[in-house]
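Everything below concerns the one structure shown next.
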Amino acid sequence: MIGARSQDEFVAARRPDWQELDGLLLHDSGSLAKKDGAAISRLAALYRSLCTDLMRARAARYTPDLTAYLDALAARAHAALYGAEPFRLPDIVSFFTRDFPRALRANGRFFAIACALFFLPSLVGIAGALASDEFATHVLPSPVLQGMAQMYSEGLNGRDTGTDTGMAGFYVFNNVGIAFRCFATGVLFGAGSIFFLIYNGLFTGTVVGHVMSVGHGGNIWTFMCSHAPFELTAIVIAGGAGLEMGYALVETRGRTRVGSLRRAAPSIVRQILGAAAMLLIAAGIEGFWSPSGLPPPVKWAASGVFSLLIVLYLALAGRPAKEASR
């Protein structure tokens, strides 16, 4: 029995594994997620053996120095295997320059479907509201439509700083709520995401069409033009991630539904985090820039620049240099 050994015999028998584990922890001080499966598996096996050694050392009442050494080594191995990764600036930069746009492009078919589900109903809403007030009232209550028309009846002359800050906070809450519903309801095998994309597209288009029909179209479009590229893109990204989640629950490829969802989770999470960042940018623009008294041509020029940058970013960021130059 190992427990009957002397401490010297015990240490001599087990030291090679301890030294190997210590070496792995020193060499693999970065994220284990970047290591291959063999290295992670070996580290986990050595950690389990170490825990057994620690229990035996305590049961045999070996010297405090030995148990303290084993305890410290076990703590380091546990932290490496199960601890949360530190929040590093290079990881954030890598996420936005590589991981997020790559995940979105890999999910391109669902992103395209989400765009169609949102923007086609938007066009229907605009055309229907322009053609008929009755159409608009079938989509939204008359008081809501009247309130929207009143809101954009006057030109954009700016607001005081306190109001801008409060409205920016409201836009964060509102936009994140819309995007969250488009994403989270995808757990209903994608049906919830389909519904909320269509609903929000029709809602948005009807509001815009109604305001245009009463003669204030210039105001609402000028207000929307700068933040809409970020906001609407983020909403359809969230909806596409919801569709991907729903598809993973339907097409499991021989896995359990939980296993299939776990496989798709990294891509989904990257898209949602990227969409959240875009919504924060949109809220800042919508709170401070969009209602300002700047001339409309300046806002439309900014809208064009933002739209072009978003397209280039999502299409090219994270591609290998040779592939991006083709």
Shortest non-hydrogen separation from [X] to [Y] and the atoms involved:
| X | Y | answer |
| --- | --- | --- |
| Lys299 | Pro291 | NZ-C, 4.1 Å |
| Pro229 | Ser307 | CG-OG, 3.4 Å |
| Ala44 | Leu81 | CA-CD1, 4.0 Å |
| Gly209 | Ala129 | C-CB, 3.6 Å |
| Val214 | Ala149 | CG2-CB, 3.9 Å |
| Ala114 | Gly240 | CB-N, 3.6 Å |

Trp18 and Phe10 aromatic centres sub-6.0 Å: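 Centroid distance Trp18-Phe10: below 6.0 Å, so yes.
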From Leu73, Asp22, Leu21, residue fulfilling side-chain contact (heavy atoms from CB on, under 4.5 Å) relative to Leu46: Leu21
Should [X] and [Y] be regarded as members of a common hydrophobic cluster, given that ILVMFWY residues are connected when their side-chain heavy atoms come within less than 4.5 Å of each other, either directly or indirectly?
| X | Y | answer |
| --- | --- | --- |
| Trp221 | Met148 | yes |
| Met224 | Val124 | yes |
| Trp300 | Val211 | yes |
| Phe189 | Ile113 | no |
| Phe223 | Met151 | yes |

Pair Ile194-Thr185, side-chain contact (heavy atoms from CB on, under 4.5 Å): steps then yes or no: CA-CA 9 Å; Ile194 293 172; Thr185 55; over 6 Å; no
side-chain contact (heavy atoms from CB on, under 4.5 Å) between Asn107 and Arg102, worked out: CA-CA 9 Å; Asn107 189 39; Arg102 283 183 179 179; over 6 Å; no
Atom pair [atom1]/[atom2] of [X] and [Y] - distance to nearest 0.5 Å:
| X | Y | atom1 | atom2 | result |
| --- | --- | --- | --- | --- |
| Asn175 | Glu286 | CG | CD | 5.5 Å |
| Ile268 | Met245 | CD1 | CE | 6.0 Å |
| Arg61 | Gln7 | CZ | CD | 14.5 Å |
| Cys225 | Phe306 | SG | CZ | 9.5 Å |
| Leu104 | Tyr313 | CG | OH | 9.0 Å |
| Ile237 | Phe230 | CD1 | CZ | 11.0 Å |

Phe135, CZ atom: more than 12 neighbouring heavy atoms under 6.0 Å: yes
More than 12 heavy atoms from other groups under 6.0 Å of CZ on Phe95: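 Yes, CZ of Phe95 has more than 12 neighbouring heavy atoms, counting only those of other groups under 6.0 Å.
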Test item: [X] and [Y] side chains (from C-beta on) under 4.5 Å apart, heavy atoms:
| X | Y | value |
| --- | --- | --- |
| Tyr47 | Arg42 | no |
| Val298 | Trp289 | yes |
| Leu273 | Phe100 | no |
| Leu70 | Leu50 | yes |
| Arg181 | Ile178 | yes |
| Val207 | Met212 | no |
| Met278 | Glu231 | no |
| Arg319 | Arg105 | yes |

Ion pair Arg58/Asp71, N-O distance below 4.0 Å: yes
Report yes or no: does [X] contribute a side-chain atom to a donor-acceptor pair with the main-chain N or O of [Y] at less than 3.5 Å?
| X | Y | answer |
| --- | --- | --- |
| Gln19 | Pro16 | no |
| Ser213 | Leu130 | no |
| Arg257 | Leu249 | yes |
| Ser260 | Thr256 | no |
| Thr204 | Asn200 | yes |
| Thr252 | Ala248 | no |

Derivation of the side chain to side chain donor-acceptor pair (under 3.5 Å) call for Ser94 and Arg98: CA-CA 5 Å; Ser94 177; Arg98 184 187 63 188; 2.9 Å; yes
Full working for side-chain contact (heavy atoms from CB on, under 4.5 Å) between Leu232 and Phe118: CA-CA 9 Å; Leu232 301 185; Phe118 183 87; 3.9 Å; yes
Test log, rule side chain to side chain donor-acceptor pair (under 3.5 Å), inputs His227 and Ser290: CA-CA 7 Å; His227 63 263; Ser290 296; 2.8 Å; yes
Side chain to side chain donor-acceptor pair (under 3.5 Å) evaluation trace for Gln271 with Ser267: CA-CA 6 Å; Gln271 292 173 74; Ser267 170; 3.1 Å; yes
Tyr199 and Phe195 aromatic ring geometry - parallel, tilted or perpendicular at 30°/60° bounds: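 Because their plane-to-plane angle is under 30°, the rings of Phe195 and Tyr199 count as parallel.
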Test side-chain contact (heavy atoms from CB on, under 4.5 Å) applied to Leu243 and Phe111, step by step: CA-CA 8 Å; Leu243 293 176; Phe111 175 66; over 6 Å; no
